[in-house]
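Working notes, beginning with the structure itself.
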Amino acid sequence: MSNTVYNPFESAQQQFDKVAALLELDSGTRELLRQPMQEIHFTIPVKMDDGSTKVFKAFRIRHNDARGPAKGGIRFHPHETADTVRALSMWMTWKCAVVDIPLGGGKGGVICDPQTLSLGEQERLCRGYVRQIFTQLGPNQDVPAPDVMTNAQHMLWMLDEYETITNGRYPAMITGKPVGMGGSLGRREATGYGVVYVLKNLLREMSIPIESTTASLQGFGNVGEYAARMYTKLGGKIIAVSCWNQADAKSYTFRKMDGCDIGQLASIKDSFGGIDKAKALELGYEVLPGEEWIKQEVDILIPAALENQITPAVFPDVSKKVKILCEAANGPTTPDCDPLIRERGITVLPDFLTNAGGVTCSYFEQVQGSMNYFWDIDEVFEKLEFCMTKAFKAVYKLAVEKNLYMRDAAYTIAINRVAEAVKLRGWA
Ligand code: NAD
C-alpha cells in the first residue's frame, strides 16, 4: 500500500487544469474556475442531550453560479475537510453543466458523526447550520440537498428553520425533502437509477447485453442501493457489496458468487448504509475484508462510497476482466490512476456525469415546487432517463470523435458551458 495522501481539491484542480489547457481557456477564466467564488467557514454550537454544549465546525462553499443558483449537498462526516468541500463544490458546477441544468455548483459539510448523535442533537445541528448562514442560502442564491449521512428529515429541519427566520414559505430553498412535504417522487432513487441509465447506454454502445454482466459495488447507502436495485432489475448480477461497519470501525465486503439479493441486503442494512454482519452470515453471504470488493473478477466496478478509493496503490488488484469503471461516488478515482485505467483499456463513466441523476431530480423538485404541481413517479423517471441519456450521448460522441478519455470529454463539455456563461456575463 502506498502512503500517498490525496487531497480531493488538488485532484479536482488537476483535472480542471488538464482540460483548461486543451481548451486553451484564457488565464482570467482559468483563474476564476479553478477555485471557489465564496467560502464560509463557521461554527455551530449545539446543546447536547446531557446539557453540555458541543461546537461543530462547518462549511458552505460556492464554486460558481454563472449558470444559475449554486446547488449542492451538505455532508455530515467526521473526516470532512474544507478541501473536500471545495472539490465537491467544483464537481457540482461541472455536474450541473454536463447535464445542462440551469444551476451552479456549491457544497456544504459539517465535521460530525451523526451516528453518535441523538435525533434531537441532529435536529439542533441542522437548525444551527441554517441559523448561521441563512443570508447566503435561498432559492435564488444557493440551494442545499442531502449527501453523505444526511437525509430528507435533515433537509426538512433546515427548511423549517429557514422559513421560521425569514417568515415565509420557500420550498425551492432546499431539495431532497420528504415526499408530501415538497419533495419529488423518485428523488430517493434518482442518483442510483441515473448511474444505471448511463451504464445501460454505455453497454449498448459496447454491444454488451447487461444480462451477461457482473459487478462489484463499494457503498450500500442511498446511491449504492438504488444503483444495485436498477442494475439487477435490468438483469445484471452483483456478486459483492462493500460497506462500513460502525461497531467494528472498518469496512467489510459481503459476497455471494451466484448474485446478491439486493432487496434482502437492504432489509438488513442500517440507516447509514451499513449491512448487519451476523444477519448476512446467516443468509449465506461470505464476509470478507472491506478492500476485497475491488479484487473481484467482474465486468463492472461501481464505487459508490467515498473519494480516493481507486489509486495506483490498489489498481494492480483490479481484475483483468474489468471492462467498465462506473463512478457512482464523487471523486472515487485519483488523477494519477487515470493513465493506468486508460492504458488497461477500461472505460470510465466519470463521476460528475454518472451520478448527476440526483441533482437532475433535485432540479425537477424545484420545478415542481415552483409550479406547485407534482409529477407521478413514471414521469419523473422518464424525464430523468431522457436527461441522463442525452448527457451520456453527447459525452460519448465527443470521446469517440476526438479520441478522448471519457472523463476529459465530460470535462470538455461542462467547462465549455460554464466558461461560455462566465464570458456572456462579462466576468472574464
Ligand atoms: P450514504 O451515506 O447514503 O452511503 C455511503 C455508503 O458508503 C454506506 O453504505 C457506507 O457504509 C459506505 N462506506 C463508507 N465508508 C466506506 C468505506 N471506507 N468502505 C466501504 N464502504 C464505505 O451516501 P450516498 O448518498 O450513497 O453517497 C455515496 C457517494 O455518492 C458519495 O461520494 C456522494 O458524494 C455521492 N453522491 C451522492 C448523491 C446522492 O444523491 N446521495 C448524489 C451524487 C453523488
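Just follow the structure's listing: the first ligand is 1, and inside any ligand the first atom is 1. Keep in mind that what you see is a predicted model, and the values were worked out from it rather than measured.
When atom types are taken as modelled, the side chain of T354 and the backbone of L349 share a donor-acceptor pair closer than 3.5 angstrom. Looking at Y197, its side chain never comes within 3.5 Å of a backbone N or O of G357 through a donor-acceptor pair.
Between H63 and W94, the angle of the ring planes goes over 60°, which puts this pair in the perpendicular group of the 30/60° scheme. Between F381 and Y193, the two ring planes are tilted [angle within 30° to 60°].
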Check ligand 1 against the protein and report each N/O to N/O distance under 3.5 Å, formatted as atom name, atom name, distance.
residue	atom	partner	partner atom	Å
ligand 1	2 (O)	M149	N	3.2
ligand 1	3 (O)	N222	N	3.0
ligand 1	9 (O)	F220	N	2.8
ligand 1	9 (O)	G221	N	3.2
ligand 1	9 (O)	G273	O	2.7
ligand 1	11 (O)	W244	N	2.9
ligand 1	11 (O)	G273	O	3.3
ligand 1	26 (O)	N222	N	3.2
ligand 1	26 (O)	V223	N	2.9
ligand 1	32 (O)	R75	NH2	3.4
ligand 1	32 (O)	A305	O	3.1
ligand 1	32 (O)	N330	N	3.0
ligand 1	34 (O)	R75	NH2	2.8
ligand 1	34 (O)	D147	OD1	3.1
ligand 1	34 (O)	N330	ND2	2.8
ligand 1	40 (O)	R187	NH1	3.4
ligand 1	40 (O)	R187	NH2	3.3
ligand 1	40 (O)	T191	OG1	2.7

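Contact record, A329 with P332: O-CD, 3.3 Å, taken as the closest heavy-atom pair.
Cation-pi geometry between K256 and Y285 is satisfied (NZ or CZ under 6.0 Å from the ring centre, within 45° of the ring normal).
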